[in-house]
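One structure is given below, encoded as structure tokens.
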2 protein chains.
Amino acid sequence: MSALLPVRDTLDIIGGKWKLLILISIWEGNKHFREIERSIPKLSTKVLSKELKDMEENQLIIRTVLNGFPVRTQYTPTEHSKTLKKVILELQNWGINHRKEIFGDTSEKDNSIRV
Amino acid sequence: MSALLPVRDTLDIIGGKWKLLILISIWEGNKHFREIERSIPKLSTKVLSKELKDMEENQLIIRTVLNGFPVRTQYTPTEHSKTLKKVILELQNWGINHRKEIFGDTSEKDNSIRV
DNA sequence: GTAACTGGTTACTAAAAGGTAACTGATTAC
DNA sequence: GTAATCAGTTACCTTTTAGTAACCAGTTAC
């Protein structure tokens with residue numbers, strides 16, 4: 001069925017443990033490598049490096065090297081990446097409802113969308 | 001970071017290579033183990049077995065054993081699983097637009113099940 | 001001079017995921 | 001009696017992914 005190709009394309013890009021975390025971290029204002037690294041617990045330098053490369057390739061972020069003394073790079077989200085917000089909203093809503101459905105969790109402690 | 005938990009919950013459940021393919025196959029009318037297996041190229045018995053267990057645990061499908069001569073099991077989608085259709089639609093739309101954005105691909109030629 | 005910061009890379013190791021094929025037990029068809 | 005179908009399970013092996021830690025160059029602060 002034809003839904004599968006595009007869905008798989010999408011999951012290939014934003015699936016996995018870290019990509020969405022990283023994107024959200026950048027959306028929240030973290031621009032530099034070490035900054036992003038520190039903002040996401042348990043994320044290692046090596047993995048971050050690889051994920052950022054993937055994301056740049058897929059045009060979700062732009063990497064700029066600033067000429068300065070303690071060499072700085074800057075990561076900024078592309079306009080294109082912002083189209084992911086709808087997807088994330090659906091994934092988020094489903095996750096919340098699923099949790100209720102499965103665990104009967106009605107607490108709804110935090111459903112703000114700080115993205 | 002509150003979008004992240006639910007999003008990760010969702011991706012844990014439907015992420016990965018096979019779960020959505022399997023769910024769609026079942027939605028399309030394939031009910032039995034070998035039937036589902038044969039409908040998805042490159043999917044092995046072992047992996048299908050594991051994926052179906054995960055999906056049953058997450059209440060996306062129901063497994064019923066029919067008492068008969070060449071023992072048959074039946075997999076049916078839950079009502080709850082149908083709430084995924086919105087999510088899938090968004091993932092699908094994003095995938096299509098992303099492909100256009102990145103490759104300028106307007107052909108939409110190949111909508112067969114590539115695995 | 002020493003340590004710490006920047007953005008990573010490299011090498012080694014450990015864990016997780018996936019592939020292949022054989023095998024189960026009951027039954028049907030030839 | 002032989003082969004095939006059903007729904008899986010098990011054991012073994014390979015591939016992929018991830019974690020750890022050391023290290024690069026250049027600069028700043030003490």
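Residue numbering restarts at 1 for every chain, and letters A, B, ... go by the order of the sequence lines. Only this structure's heavy atoms are used, side chains among them; waters, hydrogens and symmetry mates stay out. Being a predicted model, the structure only gives us computed values, none of them experimental.
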**Prompt:** When the distance from CG of B:L48 to P of D:dT10 is rounded to whole Å, what number comes out?
**Reply:** 16 Å

**Prompt:** Going by an N to O cut-off under 4.0 Å, is there a salt bridge joining A:R63 and A:E56?
**Reply:** no

**Message:** Expressed as a whole number of angstroms, how long is the span from B:W18:CH2 to C:dA17:C1'?
**Reply:** 13 Å

**Short side-chain N/O contact to D:dT9 OP1/OP2 from B:T45, under 4.0 Å** = no

**Donor-acceptor pair under 3.5 Å, B:K46 side chain vs C:dG19 base** = yes

**Item:** Atom-to-atom span, NZ of B:K50 to P of D:dA11 - whole angstrom
**Value:** 18 Å

**Prompt:** If you find the nucleotide of DNA chain D closest to B:E35 and the one closest to A:K42, which residue's nucleotide is nearer the 5' end?
**Reply:** B:E35

**Fill in**
note: A:F33, atom CZ; D:dA25, atom P; distance rounded to Å ~ 19 Å

**Request:** Could you tell me whether the side chains of B:T45 and B:E37 share a donor-acceptor contact shorter than 3.5 Å?
**Result:** yes

**Prompt:** Who does D:dT14 pair with, Watson-Crick or G-U, both distances under 3.5 Å?
**Reply:** C:dA17

**Asked** For B:E51 and D:dA7, what is the distance between atoms CD and P respectively, to the nearest whole Å?
**Response** 18 Å

**Fill in**
Within residues 53-65 of chain A, those residues having any heavy atom closer than 4.0 Å to DNA chain C are A:K53, A:R63

**Item:** Pair A:R8 + A:D12: basic N to acidic O under 4.0 Å
**Value:** no

**Prompt:** Given C:dT6, is OP1 or OP2 found less than 4.0 Å from the side-chain N or O atoms of A:R38?
**Reply:** yes

**Message:** Walk me through whether B:H80 and A:H98 qualify under side chain to side chain contact (heavy atoms under 4.5 Å, CB included).
**Reply:** CA-CA 8 Å; B:H80 175 50; A:H98 177 72; 2.8 Å; yes

**Request:** Answer yes or no: does a side-chain N or O of B:S44 lie under 4.0 Å from OP1 or OP2 of C:dT20?
**Result:** no

**Prompt:** What is the distance from CZ of B:R72 to C1' of C:dT27, rounded to the nearest Å?
**Reply:** 13 Å

**Prompt:** Atom CG of A:L43 to atom C1' of D:dG19: distance rounded to whole Å?
**Reply:** 12 Å

**Request:** Applying side chain to side chain contact (heavy atoms under 4.5 Å, CB included), run through A:T78 and A:S81 and close with a yes or a no.
**Result:** CA-CA 5 Å; A:T78 60; A:S81 80; 3.5 Å; yes

**Message:** Would A:K85 pass as a cation-pi partner of A:W27, given that its NZ or CZ must be under 6.0 Å from the six-membered ring centre and within 45 degrees of the axis?
**Reply:** yes

**Request:** Taking only the side-chain nitrogens and oxygens of B:S49, find out if one of them lies under 4.0 Å from OP1 or OP2 of D:dA7.
**Result:** no

**Asked** A:L52 has an atom CG; how far is it from atom C1' of C:dG7, in whole Å?
**Response** 11 Å

**Prompt:** For B:W18, is the NZ or CZ atom of B:K42 found under 6.0 angstrom from the centre of its six-membered ring and inside 45 degrees of the ring axis?
**Reply:** no

